[in-house]
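Positions are given from 1 along the sequence.
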Amino acid sequence: MRWAVLGGGHWGTGLAVYLRRQGCAVQLWGRCAERLPCQSARADLFPIFPQCARPEGLCCTTDLAGAVHGCAGIVLAVPSHALRDLLTRLRPCLPSSALLVLASKGLETRSALRLDQVVREILPGAPLVVLSGPSFAHDLVLGKPLAMTAAATDMTHARRVAEVFGSAQMRVYTSDDVAGVCLGGAIKNVLAIAAGISDGLENGDSARAALITRGMAELHRLGTALGGRTETFMGLTGAGDLILTASSNLSRNRRVGVGLGRGLDLEAVLGEIGEEAEGVRTAQTLFRLAQRLCVDMPITEQVYRVLFAGAAPRAASDVLMRRALRSELHVPVRQRGLDDESAV
């Protein structure tokens with residue numbers, strides 16, 4: 001089976017390597033030839049994973065039409081802000097029977113659309129599966145076990161992806177909650193920045209646990225208001241992904257927060273990381289969505305204020321700690337009356 005993976009960053013490279021190990025013929029596409037691991041005589045995955053051997057037969061290209069020609073499946077693994085342009089370029093050369101697998105996470109900043117909605121807007125007739133879950137490219141390439149969720153409105157497509165990607169290394173569950181799977185993968189990045197800020201401030205493990213738990217409440221409130229389901233947010237693509245991203249040093253979003261908590265400015269932190277951190281863009285979009293829908297998201301609000309409104313990390317932490325006391329099961333008055341359909 002021939003597959004194309006579009007996106008030459010860590011996640012795209014990791015997925016391409018994994019599919020090749022699964023026995024698929026794989027074309028890895030990226031915009032910059034020098035960032036692709038097949039453009040030299042080296043036998044490793046330099047420059048993305050220089051410590052890992054390159055699988056025999058993995059092909060790389062900057063030719064989009066050539067990459068997708070004759071493919072049964074196409075994995076979309078570019079940053080959220082690059083997705084619309086990629087899809088527009090992909091439309092005239094998309095094979096008619098190709099299955100799209102959306103592996104990117106985030107929200108489109110300008111429109112606040114979920115990424116699956118962006119795909120539907122530009123390629124309305126293409127079969128689509130969202131693949132998401134608590135997973136780092138580093139672990140995937142090193143052969144470490146992980147679990148993910150394949151979500152689609154047509155369960156035939158979800159099961160097909162589960163069969164292709166499933167192995168002794170990767171356990172793949174299926175779901176029909178496309179909205180919930182996409183939203184969990186987007187919202188958790190902002191909450192991971194909050195956990196990183198707390199750690200950068202040296203607030204301790206107890207504070208991080210509290211932030212993750214109360215962050216889950218925020219994820220659930222906004223996620224259900226936007227059409228996702230409770231059980232999805234308690235699963236791999238909600239709680240699982242949040243726990244991983246908020247607690248591991250491999251998480252770019254958490255590392256952004258740690259740098260901010262230690263007193264660095266955002267530009268310096270991003271320059272030090274040298275890669276995309278989706279939570280930075282998503283924080284602005286989430287804050288505006290929460291305001292528009294009247295959903296209470298105090299942690300997200302403070303992350304937004306640190307990133308974009310000049311708030312000091314310590315002051316933001318103090319604001320959260322000094323909020324009015326309430327029951328843990330309290331549902332904010334301004335959210336009552338919202339149901340799963342009214343805010344979609």
Side-chain angles (χ1 to χ4, degrees), residues 10-12 14-15 18-19 22 75-77 80 100-107 114-116 128-155 157-195 208-209 211-224 226-254 278-279 282 286 340:
H10 282 74
W11 189 223
L15 288 168
Y18 177 77
L19 283 172
Q22 287 287 88
V75 179
L76 305 170
S80 61
L100 297 180
V101 178
L102 177 61
S104 304
K105 298 177 182 179
L107 299 170
R114 301 189 312 262
L115 299 188
D116 66 297
L128 175 65
V129 178
V130 177
L131 184 66
S132 187
S135 50
F136 287 138
H138 180 268
D139 292 337
L140 185 61
V141 169
L142 292 180
K144 296 183 179 181
L146 49 86
M148 301 188 74
T149 298
T153 55
D154 185 332
M155 292 304 292
H157 299 319
R159 286 190 291 269
R160 182 181 171 194
V161 168
E163 290 169 0
V164 172
F165 283 79
S167 71
Q169 181 190 353
M170 183 190 295
R171 183 168 177 81
V172 184
Y173 293 83
T174 58
S175 170
D176 63 353
D177 185 11
V178 175
V181 168
C182 281
L183 289 166
I187 298 171
K188 60 89 182 179
N189 284 329
V190 179
L191 301 170
I193 293 177
R208 186 194 320 115
L211 271 172
I212 291 173
T213 306
R214 295 311 303 165
M216 268 300 305
E218 292 192 16
L219 190 158
H220 179 263
R221 281 198 292 268
L222 186 62
T224 52
L226 289 169
R229 297 202 298 263
T230 295
E231 56 268 32
T232 301
F233 300 125
M234 295 304 296
L236 287 170
T237 59
D241 213 350
L242 173 59
I243 291 167
L244 176 69
T245 312
S247 58
S248 172
N249 288 330
L250 290 175
S251 164
R252 292 191 294 269
N253 292 288
R254 181 181 179 278
E278 286 286 354
T282 305
L286 281 190
D340 287 359

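- Looking only at side-chain heavy atoms (C-beta outward), M148 and L236 stay at 4.5 Å or farther from each other.
- Between the CG atom in L250 and the NE2 atom in H138 there is a gap of 6.0 Å [rounded to 0.5 Å].
- In this structure, Q169 contributes its side chain and L140 its backbone to a donor-acceptor pair below 3.5 Å.
- Residues V178 and L128 fail the side-chain proximity criterion, which asks for heavy atoms closer than 4.5 Å.
- Between R229 and D176 there is a salt bridge, since at least one side-chain N of the basic residue sits less than 4.0 Å from a carboxylate O of the acidic one.
- Using modelled atom types, no side-chain atom of D177 and backbone atom of T232 make a donor-acceptor pair closer than 3.5 Å.
- Atom CG of L102 sits about 8.5 Å away from atom OG of S132, to the nearest 0.5 Å.
- Contact detail for A192 and L242: the closest heavy-atom pair is N-CD1, 4.5 Å.
- In this structure, T174 and A162 approach most closely via the heavy-atom pair CG2-CB, 4.0 Å.
- Here the side chains of S104 and W11 are not in contact, with every heavy-atom distance at 4.5 Å or above.
- Minimum heavy-atom separation, A151 to V181: CB-CG2, 3.7 Å.
- If you take CG on L183 and NE2 on H220, they are separated by 12.0 Å, rounding to the nearest 0.5 Å.
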### Message
Does V164 form a side-chain contact (heavy atoms from CB on, under 4.5 Å) with L19? I'd like the steps, not just the answer.
### Response
CA-CA 8 Å; V164 172; L19 283 172; 3.9 Å; yes
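- Each of N189, N249, T245 was evaluated against R254; a single residue qualifies, N249, per the side chain to side chain donor-acceptor pair (under 3.5 Å) test.
- D116 contributes atom CG, which lies 11.5 Å from atom CG of L76 (distance to the nearest 0.5 angstrom).
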### Task
Test I187 against E218 for side-chain contact (heavy atoms from CB on, under 4.5 Å), laying out the working first.
CA-CA 9 Å; I187 298 171; E218 292 192 16; 6.0 Å; no
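- For residues 159-182, the pairs satisfying ring pair (Phe, Tyr, Trp, His ring centres under 6.0 Å) are W3-F165, with sequence neighbours left out.
- Of the possible polar contacts, one joining the K105 side chain to the G133 backbone as a donor-acceptor pair under 3.5 Å is found.
- Of the possible polar contacts, one joining the Q22 side chain to the G166 backbone as a donor-acceptor pair under 3.5 Å is found.
- Heavy atoms only, all atoms of each residue included: S175 and A158 are closest at O-CB, 4.5 Å.
- Between the side chain of T224 and the main chain of R221, a donor-acceptor pair closer than 3.5 Å is present.
- Residues L107 and A186 share a closest heavy-atom pair of CG-CB, 3.9 Å.
- In this structure, the side chains of I212 and I243 come closer than 4.5 Å at one or more pairs of heavy atoms.
- In terms of heavy-atom proximity, L211 sits nearest to A194 at CD1-O, 3.6 Å.
- Between the side chain of S248 and the backbone N or O of L244, no donor-acceptor pair lies under 3.5 Å.
- Between the OG1 atom of T282 and the CD1 atom of I193 there is a distance of 8.0 Å, given to the nearest 0.5 Å.
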### Task
Evaluate side-chain contact (heavy atoms from CB on, under 4.5 Å) for M216 paired with M234, printing each intermediate quantity in order.
CA-CA 8 Å; M216 268 300 305; M234 295 304 296; 3.9 Å; yes
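- Heavy atoms of other residues, nucleotides or ligands lying less than 6.0 angstrom from CZ of R208 number more than 12.
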